[in-house]
Amino acid sequence: MSNEQTFIAIKPDGVQRGLIGPIISRFEARGYKLAAIKLMTASKDHLEKHYEDLSEKPFFPGLIKYMGSGPICAMVWEGRDAVKTGRALLGATNPLASPPGTIRGDYAIETGRNICHGSDSVENAKKEIALWFKEGEVQTYKSALHDWIYE
Ligand code: DAT
Ligand code: MG
């Protein structure tokens with residue numbers, strides 16, 4: 001199955017640091033297909049829903065403030081094993097624990113400024129895509145590269 005979808009977001013620090021292009025390039029170069037993209041400044045309510053599993057953590061208020069501090073580049077990327085491989089492309093939550101070659105390992109230092117988000121399971125990807133995108137904003141199309149990337 002090559003149509004698994006994941007929600008990938010470039011956080012306000014990644015947008016401000018001019019990393020939209022480099023991050024998109026890595027997903028494109030790996031062979032993933034962009035299914036949706038938009039720039040949006042998320043409300044507190046929206047971000048509290050997105051991170052509801054973390055609401056009891058001591059860093060939660062700071063996380064919500066940081067995520068709401070500017071525009072986020074929200075995306076849906078599609079392809080085989082997109083959720084797990086998307087997380088591998090991002091690297092570990094703590095950038096200092098991420099090897100060079102990963103996005104966080106190449107561009108970030110602190111956990112609280114780790115520049116990108118990726119869904120951690122297929123189920124959460126579905127929930128996140130539904131939270132960030134309306135129906136009709138996620139495109140269905142066959143990439144011209146499909147048969148060069150998949151057997
Ligand atoms: P990930 O973003 O790798 O899925 P997560 O879901 O556990 O990690 O946490 C969401 C975000 O919250 C993470 O990207 C950065 C922030 N965060 C996590 N742990 C933190 C901590 N110990 N201190 C500060 N921020 C933290
Ligand atoms: Mg997470």
Side-chain angles (χ1 to χ4, degrees), residues 1-135 137-140 149:
M1 196 180 83
S2 59
N3 62 355
E4 185 173 295
Q5 293 184 329
T6 189
F7 174 68
I8 300 291
I10 304 171
K11 296 177 178 181
D13 50 341
V15 172
Q16 290 289 350
R17 291 180 54 199
L19 295 173
I20 294 177
I23 292 171
I24 287 179
S25 291
R26 289 178 184 224
F27 280 84
E28 283 182 336
R30 185 63 189 258
Y32 288 111
K33 182 177 76 176
L34 186 62
I37 183 166
K38 69 178 163 190
L39 207 57
M40 73 177 256
T41 303
S43 68
K44 185 165 179 279
D45 189 54
H46 182 94
L47 293 167
E48 284 174 352
K49 272 195 206 109
H50 174 74
Y51 279 132
E52 65 184 358
D53 296 353
L54 300 174
S55 64
E56 302 303 317
K57 300 279 186 194
F59 58 81
F60 187 71
L63 173 63
I64 299 302
K65 192 168 170 222
Y66 151 59
M67 290 292 288
S69 65
I72 286 173
C73 181
M75 299 178 281
V76 177
W77 285 93
E78 186 177 308
R80 188 170 306 149
D81 207 26
V83 171
K84 191 157 127 281
T85 307
R87 295 276 293 186
L89 289 171
L90 298 192
T93 304
N94 177 356
L96 291 183
S98 295
T102 64
I103 292 165
R104 286 165 173 166
D106 284 346
Y107 298 123
I109 293 174
E110 283 211 61
T111 300
R113 294 290 182 273
N114 65 6
I115 70 166
C116 50
H117 166 85
S119 307
D120 62 6
S121 66
V122 172
E123 191 194 338
N124 282 336
K126 287 187 179 136
K127 275 195 222 162
E128 291 172 359
I129 291 166
L131 175 66
W132 288 81
F133 290 97
K134 297 188 200 87
E135 235 175 285
E137 288 183 330
V138 182
Q139 302 296 312
T140 304
I149 291 167

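Note that the structure is predicted; figures quoted are calculated from it, not measured. In each ligand, atom 1 is the first atom listed, and ligand 1 is the first ligand listed.
The protein heavy atom nearest to atom 9 (O) of ligand 1 is Leu54 CD1, 3.5 Å. The protein non-hydrogen atom at the shortest distance from atom 15 (C) of ligand 1 is Thr111 O, 3.4 Å. The shortest contact between atom 17 (N) of ligand 1 and any protein heavy atom is with Phe59 CE1, 3.4 Å. Closest to atom 3 (O) of ligand 1 among all protein heavy atoms lies Thr93 OG1, 2.5 Å. Protein heavy atom nearest atom 4 (O) of ligand 1, with residue, atom name and distance: Arg87 NH1, 2.6 Å. Looking only at protein heavy atoms, the nearest one to atom 13 (C) of ligand 1 is Asn114 ND2, 3.6 Å.
Among pairs with a residue in residues 78-115, none fulfils ring-ring contact (aromatic ring centres under 6.0 Å, His included), at least two apart in sequence or across chains.
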Run the numbers on Lys127 and Asp53 for salt bridge (Lys or Arg N to Asp or Glu O under 4.0 Å), then give the verdict.
CA-CA 12 Å; Lys127 275 195 222 162; Asp53 296 353; 5.9 Å; no
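The residue among Arg104, His117, Arg113 with a heavy atom at the shortest distance from atom 2 (O) of ligand 1 is Arg104.
Which parts of ligand 1 touch Lys11 is read off a 4.0 Å heavy-atom cut-off, strictly below it: atoms 13 (C), 14 (O).
Judged by distance alone, the side chain of Arg104 and the main-chain N or O of Ala92 form a donor-acceptor pair under 3.5 Å. Formation of a donor-acceptor pair under 3.5 Å by the Tyr66 side chain with backbone atoms of Pro61 is not found in this model. Under the 3.5 Å distance criterion, the side-chain polar atoms of Glu4 are matched with a main-chain donor or acceptor of Val83.
Taking 4.0 Å as the cut-off, Asp120 does not count as a neighbour of ligand 1 on heavy-atom distance.
Of all heavy-atom pairs between Leu90 and Cys116, the closest is CD2-SG, 3.6 Å. In terms of heavy-atom proximity, Ala74 sits nearest to Phe133 at O-CZ, 3.4 Å.
Only side-chain heavy atoms of Leu63 come within less than 4.0 Å of ligand 1; its backbone N, CA, C and O stay farther off.
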